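Worksheet for the structure shown next.
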There are 2 protein chains.
Amino acid sequence: MSTRAARSRDDVVRTAGRLFAERGYHGTSMRDLAAELGLLGSSLYSHISSKEDLLVEVVERGADLFQSSADSALATSGPPVNRLKALVGGHVGVVLDHLDEVRTFLNEAGALDEVHRKRVLAARDRYEASFRAVLSEMNVENPKLAAIFLLSVLNAVERWYRPSGPLKREQLADEVFRFAMTGIKP
Amino acid sequence: MSTRAARSRDDVVRTAGRLFAERGYHGTSMRDLAAELGLLGSSLYSHISSKEDLLVEVVERGADLFQSSADSALATSGPPVNRLKALVGGHVGVVLDHLDEVRTFLNEAGALDEVHRKRVLAARDRYEASFRAVLSEMNVENPKLAAIFLLSVLNAVERWYRPSGPLKREQLADEVFRFAMTGIKP
DNA sequence: CCTACCGATCGGTAGG
DNA sequence: CCTACCGATCGGTAGG
């Protein structure tokens with residue numbers, strides 16, 4: 001048996017996402033990443049061309065996942081509240097199923113060069129616009145602010161939710177939706 | 001006139017807070033910090049003993065500011081909703097007045113060694129407990145989850161609020177409070 | 001994917 | 001607070 005650790009490009013990107021999410025971009029060295037894959041640092045460069053390119057790819061995966069989720073949610077039929085529910089459920093699903101890409105997308109975009117950072121900000125605004133549009137359809141008083149508040153709650157899920165905790169995955173989206181619709185309720 | 005740049009320890013800690021907030025702990029070098037103060041890297045060590053100590057000090061300042069705010073808010077008389085309003089107003093005030101320490105406290109605690117990181121988690125839990133206590137007083141259905149959701153909105157203020165924007169500082173706390181109490185409202 | 005490197009930069013110290 | 005350093009580590013390359 002060979003002791004060679006043959007890795008695909010996707011292995012490299014996914015492992016990079018995990019380390020960027022856990023330790024941050026600047027807190028992760030290329031040798032850290034290689035070691036996680038059972039390689040030496042120099043071996044990474046047959047898969048990718050630079051550390052920065054890796055960050056770009058992980059962040060773009062996060063952006064694409066959110067946008068696909070929104071596009072799908074906006075196609076939901078019925079009253080606008082159905083689409084809002086789909087947006088919330090989709091967002092929670094993306095966070096739970098792609099935690100590493102999501103955390104890197106949300107927390108490490110600042111480490112990108114200006115061109116890519118602006119592209120990420122544009123992607124976030126486009127995603128947020130999906131929320132604003134549905135909230136407008138619902139005749140919410142201040143759709144812009146409501147979208148910010150709702151996304152604040154949704155994005156924070158990454159920071160506190162543990163699948164092993166008392167709150168089951170299906171309940172989570174329901175609870176967020178309920179809080180957004182009616183507040184803390186006495 | 002001397003060209004010597006005489007700095008106090010507090011100058012060093014405050015400037016470190018700004019850079020840690022903007023670029024992250026691992027994205028800030030001691031030479032970056034020194035240059036910002038008009039010094040050479042080695043000169044920093046007459047003020048502080050290590051980079052890690054600097055992070056500890058900035059993060060602890062953030063923790064203390066939030067806890068002082070909560071202690072003060074909990075002393076508010078009248079029905080519990082008054083105390084909740086004071087907690088929200090206090091939190092927004094701390095974020096806006098001490099943005100660098102807050103951002104470092106919220107985003108860079110992961111770069112601390114285990115001992116200090118656990119201390120920060122304990123400080124956060126104690127602060128969150130102030131919210132849980134007031135929400136319990138208000139007979140909210142799920143005070144623990146309500147506290148998480150409300151703090152999600154409050155902590156996100158650091159990420160999007162611009163004092164130059166349409167929302168004035170005084171309105172911000174009111175809008176967060178209203179969202180927490182009643183949701184998006186159709 | 002590894003061996004053998006490269007120049008640059010890192011946090012930090014000794015001594016004045 | 002500066003001069004003059006230190007060993008360690010950084011991202012990355014040449015060549016096989």
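First the proteins, then the strands, lettered A, B, ... as listed; each starts at 1. Keep in mind the model is a prediction, meaning the values are calculated, not measured.
Taking atom CE of Met30(A) as the reference point, atom C1' of dT9(C) lies 17 Å away to the nearest angstrom. In this entry the distance linking CG of Leu39(B) with P of dT3(D) reads 12 Å, nearest Å. Rounding to whole angstrom units, CG of residue Leu44(B) and P of dG11(C) are separated by 10 Å. Atom C1' of nucleotide dC10(D) and atom CZ of Arg31(B) are separated by 13 Å, given to the nearest angstrom. Between Tyr45(B) atom OH and dC1(D) atom P there is a gap of 15 Å when expressed in whole angstrom units. Here dT13(C) presents its C1' atom at 18 Å from NZ of Lys51(B), a figure rounded to the nearest Å. The interatomic distance linking Asp32(B) (CG) with dG11(C) (P) rounds to 8 Å, in whole Å. Atoms CG (Leu40(B)) and P (dT9(C)) sit 15 Å apart, rounded to a whole Å.
Heavy atoms only, all atoms of each residue included: Leu74(A) and Arg83(A) are closest at O-CD, 3.4 Å. Residues Leu33(B) and Val12(B) share a closest heavy-atom pair of CD1-O, 4.1 Å.
Heavy atoms of Arg7(A) sit under 4.0 angstrom from primed sugar atoms or phosphate atoms, though from no base atom.
For the pair Arg61(B) and Glu57(B), the salt-bridge criterion is met [side-chain N within less than 4.0 Å of a carboxylate O]. Salt bridge annotation for Asp125(A)-Arg132(A): present, with a cationic side-chain nitrogen under 4.0 angstrom from a carboxylate oxygen. Of the charged side-chain nitrogens involved, none lies within less than 4.0 Å of a carboxylate oxygen, so that Arg103(B) and Glu22(B) do not count as a salt-bridged pair. Checked for salt-bridge contact, Asp10(B) and Arg14(B) meet the test: a charged N lies under 4.0 Å from a carboxylate O. Remark: Asp174(A) does not engage Lys85(A) in a salt bridge, criterion side-chain N to carboxylate O under 4.0 Å.
When the side-chain nitrogen and oxygen atoms of Ser29(A) are compared with OP1 and OP2 of dC10(D), one or more of them lie within a distance under 4.0 Å. In this structure, His47(A) reaches the dC1(C) phosphate: one of its side-chain N or O atoms is under 4.0 Å from OP1 or OP2.
If you check dC1(C), dA14(D), dC1(D) against the side chain of Ser42(A), the one that comes closest is dA14(D).
With a cut-off of 3.5 Å on both pairing distances, the Watson-Crick and G-U wobble pairs of DNA chain C assemble into stems of 3 or more at C:1-16 with D:1-16.
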